[in-house]
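Worksheet: the structure to be examined is printed underneath.
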Amino acid sequence: MSFKVSEDVAVCGGRLLKLSHFSQVIGTIMNVNVYLPKQYYSQTDNKVIPAVYYLSGLTCSPQNASEKAFWPFQADKYGFAVVFPDTSPRGGDVPGDPEGSWDFGVGAGFYVNATQKPYDKHYQMYDYIHKELPTSLDEYFSNGSRLDFVDNVAITGHSMGGFGALAGFLKNYDANRYKSCSAFAPIVNPIKVPWGRKAFGGYLGADEEAWKGYDPSELVKKVSNRGNDRILIHQGTKDPFLESNLKPELLLEASKGTSWEGKIDLKLVDGFDHSYYFVSSFVPEHAAFHAKNLGLI
Ligand SMILES: N[C@@H](CCC(=O)N[C@@H](CS)C(=O)NCC(=O)O)C(=O)O
């Protein structure tokens, strides 16, 4: 699986590669940015470099977080790569939101596999993020490289991407796919909030039972925490979407009486909004959390 490098930018001690490739599952060209930390370029370091996947929120491309989340400082500190995938297919015959809004369609793929026409043709974001992209990156960088995009990996994300990270982590928990999961202002119970209901209705159809298979607040009831795995979540109290679409308390309520009770560390941070001023403020804490779970510290 081949990637085209459109830019190769020096950042901190490593490099940000702006890549694109044809995705078989999506059926279009997809953009993805990958930050390779300074350890990758070191002649003396020979440790295997794990990856953190960062799933972005509504309206984002791979550029938003690459430019504004300040992951590279942390990636260099601990020695992990960061993958910034796109949030949906784009271009060509990719259908958007019939209402013309930014909360569905292009830039709003919700990291699910669409089953409904016309979205089912390209909106296969779940398989893309959790299967095709990691395998493709591993193949592309495999030539004697110390990068690991498949086995020792972590996942995080913001808003819609926080939802995607939680859902992907929990759905793949029994397969031990991700060593670590965190989220910034995630949509935790999509089946109960307008953004999630619109997206799941459009991508998955009217049968709400099918929606539950992706909802973190449903998944915590079905997936057993094996040991002492914890999930880290930050949420700003001045986030304009807090009451309408995020509602992190619903995940804590759902986890009560399950093996996840007390294992979800929800940190409400006073005065922070929904922007990258918020995300970047807490990236260092999330980086340390993942570095520990990935065996880097
Ligand atoms: N564009 C929307 C806001 C959507 C939004 O806040 N998106 C978040 C993720 S849910 C984001 O990361 N936006 C891009 C950015 O801040 O760079 C608006 O006009 O209100």
Side-chain angles (χ1 to χ4, degrees), residues 7 9 11 16 18 31-33 35 52-74 82-90 96-112 123 125-126 129 155-168 181-200 202-203 214-217 232-248 250-251 266-269 271-283 286-287:
E7 278 184 71
V9 193
V11 188
L16 181 77
K18 300 193 178 183
N31 298 318
V32 54
N33 290 355
Y35 179 73
V52 174
Y53 288 80
Y54 177 93
L55 306 184
S56 291
L58 293 163
T59 74
C60 288
S61 74
Q63 314 315 332
N64 301 63
S66 301
E67 290 168 1
K68 301 193 286 191
F70 301 151
W71 277 101
F73 296 102
Q74 305 304 319
V82 190
V83 181
F84 302 96
D86 208 342
T87 53
S88 78
R90 294 174 192 273
D97 182 9
E99 296 171 358
S101 178
W102 47 266
D103 58 9
F104 183 76
V106 176
F110 267 83
Y111 308 106
V112 300
Y123 285 78
M125 289 297 288
Y126 180 85
I129 296 290
I155 192 160
T156 184
H158 174 218
S159 196
M160 172 184 73
F163 150 69
L166 291 168
C181 175
S182 75
F184 302 83
I187 304 165
V188 301
N189 200 176
I191 68 176
K192 294 218 178 113
V193 300
W195 280 346
R197 295 189 65 77
K198 176 172 173 181
F200 284 11
Y203 296 133
Y214 285 106
D215 190 314
S217 297
L232 173 65
I233 298 178
H234 275 85
Q235 172 64 61
T237 61
K238 290 270 166 62
D239 186 323
F241 305 115
L242 175 56
E243 305 293 332
S244 53
N245 281 291
L246 305 174
K247 296 180 172 286
L250 294 181
L251 180 60
L266 170 62
K267 302 202 172 179
L268 287 173
V269 283
F272 283 88
D273 63 14
H274 194 67
S275 71
Y276 272 91
Y277 294 116
F278 155 68
V279 174
S280 60
S281 300
F282 298 99
V283 158
H286 288 239

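Residue indices begin at 1 and follow the sequence shown. Just so you know, ligand 1 is whichever comes first in the structure, and atom 1 is the first atom listed for that ligand.
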Does the ring center of F184 lie less than 6.0 Å from the ring center of H158? no
Should the pair Y214 and Y126 be assigned to parallel (<30°), tilted (30 to 60°) or perpendicular (>60°) ring geometry? perpendicular
Which heavy atom of S66 sits nearest a heavy atom of F84, and at what distance? OG-CD1, 3.5 Å
Counting only non-hydrogen atoms and a 4.0 Å cut-off, the residues near ligand 1 are G57, L58, T59, C60, N64, K68, W102, H158, S159, F241, H274, Y276
Any sub-3.5 Å donor-acceptor pair from K198's side-chain atoms to P194's backbone N or O? no
Which pairs would a plain distance check flag for residues 54-63, meaning a side-chain donor or acceptor within less than 3.5 Å of a matching protein atom at least two apart in sequence or in another chain?
unit_1: Y54; atom_1: OH; unit_2: Y276; atom_2: OH; d: 2.8
unit_1: S61; atom_1: OG; unit_2: Q63; atom_2: N; d: 3.1
unit_1: Q63; atom_1: OE1; unit_2: K18; atom_2: NZ; d: 3.2
unit_1: Q63; atom_1: OE1; unit_2: N33; atom_2: ND2; d: 3.0

Here the pair of heavy atoms bringing P216 nearest to L166 is CG-CB, 3.8 Å
